[in-house]
Amino acid sequence: MSRILHSSYYLHHDVVFLAKDLIGKTLCTRINSKLTCGVITETEAYAGEGDKASHAYGGRRTNRTEVMYSQGGVSYVYLCYGIHRLFNIVTNQQDVPHAILIRAIWPIEGVDEVLKRRGAAKLTNNLCVGPGKVTQALGIDLQHNNLPLNGKQIWLRDDGFKVKKADIHTGPRIGVDYAGLDAKLPYRFWTTEYELFKH
DNA sequence: CGTACGATCTGCT
DNA sequence: GCAGATCGTACGA
C-alpha cells in the first residue's frame, strides 16, 4: 500500500525525528511531464535559529531563507557553489525555520529518465548519492522552491518500505565545518540497504 | 556597489 | 587527493 504523506506529517514531529523517519519514504516529481520517484536513503536535519549550520541561524530572515519560516510541508531549493541545486523539506510550524536536506535517493520509477538526466548508462549504487545528484535526477530546479509537498510537481509517498532501525546509520553532517560545535551534531541519517527497494 | 564564499560534483593525477 | 567550475546570496562600504 502506498499513500501521499499528509501535510500534518511535517508539523507535529521534531525535525531530527523526521529526518530519520524520512529514510525509506519515497520522493516523487512530475517535471516536464516526466514522472520520477526515488526512495530517500540519506538526510540531514537543520534545526533552525539555534543551529549554526542552518541558513536560518540566529533568526536570519532574507529573501532566500524566508521559505524556511513557512509552515512545514513545502520545498526549500537553493543554489550551492553556483552549480548545484539542493532540495530541502521545510518542517514544523510557521516561523520555526526547520528543514531537512535530502542527500540521496534510490530511484524506483522513471529510472530511464533519471539515467538520462544524470548522463549515465545504468543504475549504480552512487548514481543519486549526493544532494546535487538528487535534484539533477529528479529534475528539481530553483523554480521548484516554495512548492507544496503534496502537489502536482513534487510529493512524498509512504510505499511501506520497512528499514530496520539497525540499518539506519547516524553521524555528523557533511560540509558544515564552519558551524563550530554544531558541526559535530549527529543530524545525518542514511541507509545502504538498497536491496529493500529493488524489484 | 563590491566582494567573498558556499548544506558540491567531476575529472584528472 | 585535489583543483576547477560558476553564480546567487549576504553583508559591509
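Residue numbering restarts at 1 for every chain, and letters A, B, ... go by the order of the sequence lines. All values derive from a computational prediction rather than experimental measurement.
- Distance OH (A:Tyr178) to P (C:dC11): 13 Å, rounded to an integer number of Å.
- Aromatic rings from A:Phe197 and A:Trp106 are positioned such that their centres are separated by 6.0 Å or more.
- A salt bridge links A:Asp95 with A:Arg61: the closest approach of a Lys/Arg side-chain nitrogen to an acidic carboxylate oxygen falls below 4.0 angstrom.
- In terms of modelled atom types and a separation under 3.5 Å, the side chain of A:Lys198 and the main chain of A:Tyr194 share no donor-acceptor contact.
- Separation of atoms NZ (A:Lys133) and CG (A:Asn126) is listed at 4.5 Å; rounding is to 0.5 Å.
- In this structure, A:Tyr81 atom OH and B:dC9 atom C1' are separated by 10 Å, rounded to whole Å.
- As a whole-Å value, the separation of A:Leu86 CG from B:dC5 P is 20 Å.
- Taking CZ from A:Arg85 and CG from A:Leu138, the interatomic distance works out to 14.0 Å, rounded to the nearest 0.5 Å.
- Residue A:Arg64 places at least one side-chain N or O under 4.0 Å from the OP1 or OP2 atom of C:dA10.
- Less than 4.0 Å separates DNA chain B from at least one heavy atom of each of the following residues of residues 108-136 of chain A: A:Arg118, A:Gly130, A:Pro131, A:Gly132, A:Lys133.
- Going from atom CZ of A:Arg173 over to atom C1' of B:dT8 covers 17 Å, rounded to whole Å.
- DNA chain C forms stems at B:1-6 with C:7-12, B:8-12 with C:1-5, each a run of 3 or more consecutive Watson-Crick or G-U wobble pairs whose two key distances fall under 3.5 Å.
- Rounded to whole Å, the distance from CG on A:Leu142 to C1' on C:dG8 is 8 Å.
- For the side-chain contact (heavy atoms from CB on, under 4.5 Å) test with A:Phe87, the passing option among A:Thr29, A:Ile140, A:Asp141 is A:Ile140; the others fail.
- Going from atom CZ of A:Arg85 over to atom P of C:dA5 covers 17 Å, rounded to whole Å.
- Remark: ring of A:Tyr78 not stacked against base of C:dG8; the cut-offs of centroid gap under 5.5 Å and plane tilt under 30° are not jointly satisfied.
- Of the candidates C:dT9, C:dA5, B:dA7, the closest approach to any side-chain atom of A:Ile83 belongs to C:dA5.
- For the 3.5 Å distance criterion, the side chains of A:Asp182 and A:Tyr57 fail to qualify, holding no donor opposite an acceptor.
- The phosphate of C:dT9 (OP1 or OP2) has no side-chain N or O of A:His55 nearer than 4.0 angstrom.
- Atom CG of A:Leu101 and atom P of B:dT8 are 7 Å apart (whole Å).
- Across the protein-nucleic acid pair, A:Arg60 atom CZ and C:dA10 atom P stand 7 Å apart, rounded to whole Å.
- When each of A:Ile100, A:Leu22, A:Ile168, A:Ile40 is checked for a side-chain contact (heavy atoms from CB on, under 4.5 Å) with A:Phe189, only A:Ile168 meets the rule.
- When the side-chain nitrogen and oxygen atoms of A:Thr62 are compared with OP1 and OP2 of C:dA10, one or more of them lie within a distance under 4.0 Å.
- The side-chain hydrogen bond (donor to acceptor under 3.5 Å, both in side chains) search around A:Thr65 returns A:Thr62, not counting sequence neighbours.
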